[in-house]
Amino acid sequence: MQKRLSVGLTLGVSLLWLLGVAASGLVAQHEMNEVFDSALQETAQRILPLAVTDILNRENGTGNQTAPALKDHDEYLTYLVRDEKGNLLLQSHDADPGVFGKLPEEGFSNTPTHRIYGASAVSDTIYIEVAEPLAHRRESALEAGVALLMPLIVLIPITLMGVWWIVRLSLREVVEFRESIESRGVGDLSSVEGRRLPTEFEPIAVAVNRLLERLQRALETERSFTANSAHELRTPLATALAKAQRLKTQVQSDQLKSNVAEIEEALRSLSQLSGKLLELAKAEGGGATSQTRHNLVPILTMIVGDFESQTPGRISLTLPERDVNSFLDPDAFAILVRNLIENALRHGSPKEPVEVSMTEDGTLRVSNGGDIVPPEQLVLLRNRFARSKTDAAGSGLGLAIADAIAKGAGMTLHLRSPATGRQDGFEAELTNSKEAK
Ligand SMILES: Nc1ncnc2c1ncn2[C@@H]1O[C@H](COP(=O)(O)OP(=O)(O)OP(=O)(O)O)[C@@H](O)[C@H]1O
Ligand SMILES: [Mg+2]
């Protein structure tokens, strides 16, 4: 816009100036011609009486004579004095008879090279003709034109710079507004400052802010609905599960027992699903960072200890020697780690250990053996309810939760298959792009 306005306005101004120059040039030429003509006429009429006296005073009235030049000089105007038959009586010293017609004429006339004025005296027997070279007039016109065009050379850069500067100045707030929208993070839906915008752009700021507000409200509604429903489902599900378990001990028939076991299983996965939905709602609702730093090492040790007690000998843990203090919220970190280790235990090969490691810079890596997940499926795994080919039960929310927490904390979750340094397996790595060690 800035470029278009500057170039357009400069071109416009230059074009108008050129038109102005052309018009005034034409007028000036016309006026100059009039002045030159009148000077020509005046000269002829002034010289004629002198020439006539001169000629009549000559004893021998015929033959030509060159008017003596007082000093050697070039002549702009040259003249011939002739009788009505064209016989030369007198000429100025630079005059070239070839320029004039065969017979003298009165009034103005043009030859290809000269403008001529003729006048007569003594009952049309003596004629004077004064010639002025047209080149002289052309030169004057050209000089006037050039003088009018000169300012344009200065005018073009000045206009260009002036317009550029003014447009830049008036668009500065708009550019700031654009930058403030660009620079905000993915999850930042707070309203944009747009009070200093030019009036023409204010409605845009208002519309953008209204849109952001509606978006924020819609997202909040969705999250709180998910969280509330998951929360509300927990108690009835737990009650139903407990009742099904009690029923299983009460019934005698094997057939009935396995039916009740199926119901128990369905209720358990339902309760797991509602638990994951609650985690997802919390993870997406923000709150993945805390105000103070926490050491992540003991949290990781505790979670791995929990899993160890359930599945002894499956996890090999590598911890850093120093503390890893991070602004990552301890609860959010625990949820993330649980999901990653749970995945490795559930979907990885049972014959190989799950490797969990943390380095001093806060990078967490969970890897396991097992089949390779094809790349086209790997990229989809962080979507909600996305699962690749697996026999294990699950809802497909674990990686979506882990990804939401990582994003909320400004960290990155990398998924790789095969795992680093292996031919097979799967690896999830959490790296911190912004936090201090
Ligand atoms: N460590 C892993 N090894 C092999 N495949 C994995 C691993 N982790 C995840 N996957 C694949 O990614 C899919 C998605 O994982 P995600 O944790 O999102 O869902 P889930 O484990 O199936 O269910 P949920 O975690 O909600 O109970 C899994 O179904 C599995 O196919
Ligand atoms: Mg999972």
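Order of listing sets the numbers, starting from 1, for every ligand and every atom in it. When reading the values below, keep in mind they use all heavy atoms of this one structure, side chains included, and skip hydrogens, waters and symmetry mates.
- Of all atoms in ligand 1, numbered sequentially from 1 with element shown, those under 4.0 Å from a heavy atom of Thr390 are 29 (O), 31 (O).
- The shell of residues lying under 4.0 angstrom from ligand 1, judged by heavy atoms, includes Ala386.
- Within the 4.0 Å heavy-atom shell around ligand 1 one finds Arg346.
- Of all protein heavy atoms, the one lying nearest to atom 19 (O) of ligand 1 is Gly396 CA, 3.1 Å.
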Residue pair Arg384, Glu284: steps toward the salt bridge (Lys or Arg N to Asp or Glu O under 4.0 Å) verdict | CA-CA 12 Å; Arg384 299 170 187 184; Glu284 290 187 341; 2.7 Å; yes
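- The distance from ligand 1 to the heavy atoms of Gly394 drops below 4.0 Å at these ligand atoms: 23 (O), 27 (O).
- No hydrogens or angles considered: a donor-acceptor pair under 3.5 Å links the side chains of Glu427 and Thr420.
- Here the two rings, on His294 and Phe327, have centers that are 6.0 Å apart or farther.
- Annotation: atom 5 (N) of ligand 1 to nearest protein heavy atom, His347 CB, 3.5 Å.
- The single protein non-hydrogen atom nearest to atom 2 (C) of ligand 1 is Phe426 CD2, 3.3 Å, given as residue, atom name and distance.
- Distances from atom 25 (O) of ligand 1 to the heavy atoms of Ala402, Ser269, Gly398 show the closest one on Gly398.
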Step by step, would you call Thr78 with Val130 a side chain to side chain contact (heavy atoms under 4.5 Å, CB included)?
-> CA-CA 6 Å; Thr78 54; Val130 185; over 6 Å; no
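- Ligand 1 lies within reach of Glu342, whose nearest heavy atom is under 4.0 Å from it.
- Using modelled atom types and a 3.5 Å distance limit, the side chains of Thr431 and His414 yield a donor-acceptor pair.
- Geometrically, ligand 1 and Leu397 share a nitrogen or oxygen pair separated by less than 3.5 Å.
- Asp37 and Arg137 are joined by a salt bridge, as a carboxylate oxygen and a charged side-chain nitrogen come within less than 4.0 angstrom of each other.
- Atoms of ligand 1 found under 4.0 Å from any heavy atom of Leu381, numbered from 1 in the order shown, are 11 (C), 12 (O), 13 (C).
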Evaluate the side chain to side chain contact (heavy atoms under 4.5 Å, CB included) criterion for residues Leu381 and Val373: first the C-alpha distance (whole Å), next the side-chain angles of each, then the deciding distance (0.1 Å), finally the verdict.
-> CA-CA 10 Å; Leu381 291 184; Val373 180; 4.2 Å; yes
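- Of the possible polar contacts, none joining the Ser109 side chain to the Glu105 backbone as a donor-acceptor pair under 3.5 Å is found.
- Remark: ligand 1 and Ala400 share no N or O pair separated by less than 3.5 Å (distance only, no angle test).
- Given atom 9 (C) of ligand 1, the protein heavy atom at minimum distance is Asn343 ND2, 3.6 Å.
- Under 4.0 Å from ligand 1, the heavy atoms of Lys276 that appear belong solely to its side chain.
- Backbone and side-chain nitrogen or oxygen atoms of Lys389 are examined, and none is located within less than 3.5 angstrom of a nitrogen or oxygen of ligand 1.
- Residue contacts with ligand 1 do not include Gly370, since none of its heavy atoms lies under 4.0 Å from the ligand.
- Taking 2.8 Å as the threshold, Asn343 counts as a candidate ligand of the Mg ion (ligand 2), since one of its N, O or S atoms lies below it.
- Checked for salt-bridge contact, Glu132 and Arg115 miss the test: no charged N lies under 4.0 Å from a carboxylate O.
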Carefully, step by step, assess His231 and Thr226 under the rule side chain to side chain contact (heavy atoms under 4.5 Å, CB included).
-> CA-CA 8 Å; His231 190 72; Thr226 320; over 6 Å; no
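- The closest non-hydrogen atom to atom 24 (P) of ligand 1, taken over Ala392, Ser388, Gly348, Ser395, comes from Ser395.
- Using a cut-off of 4.0 Å between Lys/Arg side-chain N and Asp/Glu carboxylate O, Arg268 and Glu264 are scored as salt-bridged.
- Of all protein heavy atoms, the one closest to atom 22 (O) of ligand 1 is Arg387 NE, 2.6 Å.
- Leu317 places a side-chain heavy atom less than 4.5 Å from the side chain of Leu300.
- Proximity to Ala344 (heavy-atom distance under 4.0 Å) selects the following atoms of ligand 1: 1 (N).
- Within the set Asn368, Leu378, Leu415, Asn383, the minimum heavy-atom distance to atom 1 (N) of ligand 1 is found for Asn368.
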